Each structure stands twice: as C-alpha cells, then as structure tokens.
Protein chains: 2
Amino acid sequence: MDAASNREAVPEVDRRRLPPQERRQQIVDGAVSFFAEVGLDGKTRELAGRLGVTQSLIFKYFVSKQDLVEAVYERVYLERISPHWPALIRDRSRSIGKRMSEFYRDYGGRIFDHDWMRIFMFSGLAGAQLNKRYLNHLRLTLLEPMLDEIHVASSGEVDATLEDLWSLHGGIVYIGIRQHIYQMPTPDDPQPEIDRMIQRFLRSFGIEEACAPS
Amino acid sequence: MDAASNREAVPEVDRRRLPPQERRQQIVDGAVSFFAEVGLDGKTRELAGRLGVTQSLIFKYFVSKQDLVEAVYERVYLERISPHWPALIRDRSRSIGKRMSEFYRDYGGRIFDHDWMRIFMFSGLAGAQLNKRYLNHLRLTLLEPMLDEIHVASSGEVDATLEDLWSLHGGIVYIGIRQHIYQMPTPDDPQPEIDRMIQRFLRSFGIEEACAPS
DNA sequence: GATCTTGTTCATCAGACGATCAATAAGGTA
DNA sequence: TACCTTATTGATCGTCTGATGAACAAGATC
C-alpha cells in the first residue's frame, strides 16, 4: 500500500537511470494524465509517486511546477490540430456537407479525449492563453473558411453567420463535455449524431445533401 | 495596500458582530464569487481577506472547507431552476417554437452568469454530484417533455431524438462557455442567436414557424 | 454604567507544499 | 575491475494550508 504501487497510470515498474530526453517525456506524459484527472493544482509529490520516481527528480527536468504545466499545455495542444484541415475545408471538388462531415469526424477523433477535454477546460478556467490561441486559430483557419464555403455552396443565398457556426461547433463539442467533464452517458460513437447535426445545419439553410458518411 | 482594502467584491467596510444568519449568508455570497474566480482550491485566508474578516471566523460557520463548498453548491444550484418551466414546455395553447424560445430566454438569463458557469464547470471537473443531479433533472423535467412536445407538434412525423435536443442545448450553453470560461467575445445579447438556433432546429425537422420573439 | 452573552479575533498547531542541494549509485568506458 | 560521469535519491528548508481553542470586545439587557 505504498505510494508507488497502486496506480495503473504507471506503465510498469520503471527502472532507473533513463536517458534525460526519455525521462522528460515520461514525466510530461504522466503529468498530462495526472493533471487531467485532478486539475492543475495537482501536487508534484503525487505525480512523482505515480511515475515511481522521487518528487525532486521532477525539478531536475523542470525549473518550476509552472514550467511543467506549460510543457503539458504544449504537449496536448500540438496533437489537436491537423495541418490538412484548411485544405480539406476548401476542397470544392467535394460537397460542403461531405467536407464538414469529414472534418468533424477527424476533429472529434482528436478532441473527444479524456485528457485533452479536461486539461483544455482546466486551463480555460485558469485563464491560460492556450485556449484563446487555440480557439482563435480554429476560427481563422477553419470556421471562417467554412462559412465562406457555405456561402459559395449556396450561391450566396444563405444568411449563415459565424455565430451560427459556433453554435454548430458548440453542439458538437458539448458531447465531449457531457462525457468527460460531467461524466454523463453519451453515444458510444458520436459520429452519427455529429453527421445528423451537420445535415440539420445545412438543411435548415436550404442546403440539402444526401450525406451518406461513406 | 493591506489584504482587506483592494477588492470590490466586498460590498462595503462591513462592521463587526453581525447576526449569525446574516454573516453566514455573507460568507456564502463571498465564497460564490471567490470560488468562481479562482476555483474550489481557493484558500480560506484569501476569502476571509476579501470579506474583511479573519480566516478563523469562517470555521465558526462551517465545520470544514468542504462544508462551505457544499453550501456554495446549494446556493448556486437553487437559483438556476424555475418550477414554472415544465408547465411552460407543456402549454399546448402556444406553438412549440414560442415555448422553446421563451424557455431558453429565461434559461439563458439564469445560466449565462459568470459565477454559475464557472462553479458548475469547476464542480463538474471535481466530480461533484451537483452536475449529474442538475443535468438529469434537466433531462427528465425539460428535455424529454420538450421532445414529446416536438413529436406532438409535428403529428409524430419527426424523428427527433433526445440526443438531437442535447445538441441544441449544447450549442446554446456553449455561448456561455465561450464567454465565461474561455473569455472569448460573444454577442452582447445572446437571445437573437438562441432564437435562430431554435428556429433552425425546428425548421430542419420541417416544423416551420414565424418565430417573432415578442 | 455594570453585567452577560456571544460574535470575532489572535495565536498557534500539524501537516503539506514547491523547491534546493549534497550524497548516492547506475551504467558506460577503459 | 577500477573509474568516471551523471541520473537519481534522501534529507531538508521556508512557507502556506485547514483547522483549533483561548482571549477579547461589541452590543443588548437591566
């Protein structure tokens, strides 16, 4: 019943003296799931215990706890953005419905993740810049182009606004919030519901599409 | 520049020796806005400082910090539910669109609140039961009846599901999340966008309504 | 104004916290 | 095997934390 033997987050009994780069990554990995679970106020001693190392070791790789937290931010941030999305959104050889469906399939696959959802929420509540950067990037590179494409697809006859797209986006993200933050039951596979939402969104603007996912 | 003189959350310089009931309420009020700002890990000494009292006084009214946190939960919880909503949803003398619009107008007026939004999110992340109770109550007394009413209003020709209503709900709530948790710009008055969302939702199911807000 | 009740403060505890640094030992090199 | 580098540990510091209890004083009653 000692501190290092009761958590499954520790991959195995890690033997000592790892290469610095490897150890650093191990600490960040552990910190991601640890902070995701207990919040950014999680204590370094408990994190060290889960990793099976001493608390002082953490401060050999990070000059302060805040330094570690920012490494966690950077880690989770990078995995949630694909450079291919802007081109996907603008690919007019495919219908707007198919593009949006594929984008949100990929997007959902990346953000419906326990650790990401919770760390993004924790950092938002803490007032970190991570969230604003991320959401502004999302708006500039994805939502605003998406809005353009909807206007083009409807020959400019549609009065959709950016705020409308945020509401669609919010409805999709809310599935993950219900699941990972409120821990409420959600569909096992959110993709069908996401496709329904996109289809309803476009249909409500008179853009009818046979939106078969395949 | 001392601890008790630089916050506007303190209504005024409160003079000592208040009636217990009044003092208790003052502490809870202060705790609501304090915990909403810094999180449930906020320190009792800082809270006391903002209230202009000593830290030990808090423990004369609450046996532990957790006891205070639960008083905060109860406080914010009660203000966010109206007993009139179920009857409003079921009032078939009015169109379903008007009922949903009025419900979400009232609902938004209660939950688009800095303190509520943040405490609800903090408590959700902490795994508190508050959120599950609240969302289950919302589903049972409001969303499921609303789904029934939509089916009735469309003479049973509509395939709307509860999950569809959650997506509408999530899109609406997400406005508050953007505003108060991510601190991103949102419409000054969210009501027009909410009405648009409801209208789009119904329209996408073929329920067309002239949804003038008045 | 003397007295009593009790709301409030002051001093303090025991433990936990982030962070530091000398001591230790793992593991490569010869 | 002896040696050296350095990843890791163990002990410790100063501070802060929730919580406790004795001492104080505000304000009502007579």
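Keep in mind that what you see is a predicted model, and the values were worked out from it rather than measured. Throughout, a chain's letter reflects where its sequence line sits, starting with A, and its residues are numbered from 1.
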- Query: Centre of F35(A)'s six-membered ring, under 6.0 Å away, within 45 degrees of the axis: is that where NZ or CZ of R118(A) sits?
  - Reply: no

- Task: Give the nucleotide from the list dC10(C), dT20(C), dA7(D) with an atom nearest to the side chain of T54(B).
- Result: dC10(C)

- Note on the structure: Whole-Å distance, Q21(B) CD to dT6(C) P, equals 16 Å

- Mark yes or no for a side-chain to base donor-acceptor pair under 3.5 Å between R23(B) and dT8(C), with no hydrogen or angle criteria applied. no

- Note on the structure: Among the nucleotides dA19(C), dT9(D), dA22(D), whichever has the atom closest to the side chain of K60(B) is dA22(D)

- Item | Distance-only side-chain donor-acceptor flag, R23(A) / Q26(A), under 3.5 Å | yes

- Query: What nucleotide among dG10(D), dT9(C), dT6(C) has an atom nearest to a side-chain atom of S56(A)?
  - Reply: dG10(D)

- Nucleotide dA11(D), atom P - distance to CD of Q55(A) in whole Å: 14 Å

- Donor-acceptor pair under 3.5 Å: do we get one between T44(A)'s side chain and the base of dC17(C)? no

- Below 3.5 Å, does any donor atom in the side chain of R45(A) face an acceptor in the base of dG18(C), or the other way round? yes

- Item | Whole-Å gap separating C1' (dG7(C)) and CD1 (I58(B)) | 15 Å

- Task: Could you tell me whether the phosphate oxygens of dG18(C), OP1 or OP2, come under 4.0 Å of any side-chain nitrogen or oxygen in K65(A)?
- Result: yes

- Rounded to whole angstroms, how far apart are CZ on R17(A) and P on dA25(C)? 12 Å

- Rounded to the nearest angstrom, tell me the gap between atom CG in L18(B) and atom C1' in dG27(D). 13 Å

- Query: Would you say the side chain of R139(B) lies within less than 4.5 Å of the side chain of Y134(B), judging by non-hydrogen atoms?
  - Reply: no

- Item | Minimum-distance nucleotide to V53(B) side chain [options: dT8(C), dA19(D), dT9(C)] | dT9(C)

- Task: Answer with base, sugar-phosphate or nothing: what part of the nucleic acid does P20(A) contact at a heavy-atom distance below 4.0 Å?
- Result: sugar-phosphate

- Item | Distance in angstrom units between R24(B) CZ and dT6(C) C1', rounded | 18 Å

- Does a side-chain heavy-atom distance below 4.5 Å link K65(B) with L40(B)? no

- Task: Could you walk me through whether F59(B) and S56(B) pass the side chain to side chain contact (heavy atoms under 4.5 Å, CB included) test, one step at a time?
- Result: CA-CA 5 Å; F59(B) 290 91; S56(B) 64; 5.7 Å; no

- Could you check how far NZ of K43(A) sits from P of dC16(D), rounded to whole Å? 14 Å

- Task: Using atom CG of D67(B) as one end and atom C1' of dA19(D) as the other, report the distance to the nearest whole Å.
- Result: 13 Å

- Would you say Y61(A) reaches dT8(D)'s phosphate, i.e. side-chain N/O to OP1/OP2 under 4.0 Å? yes

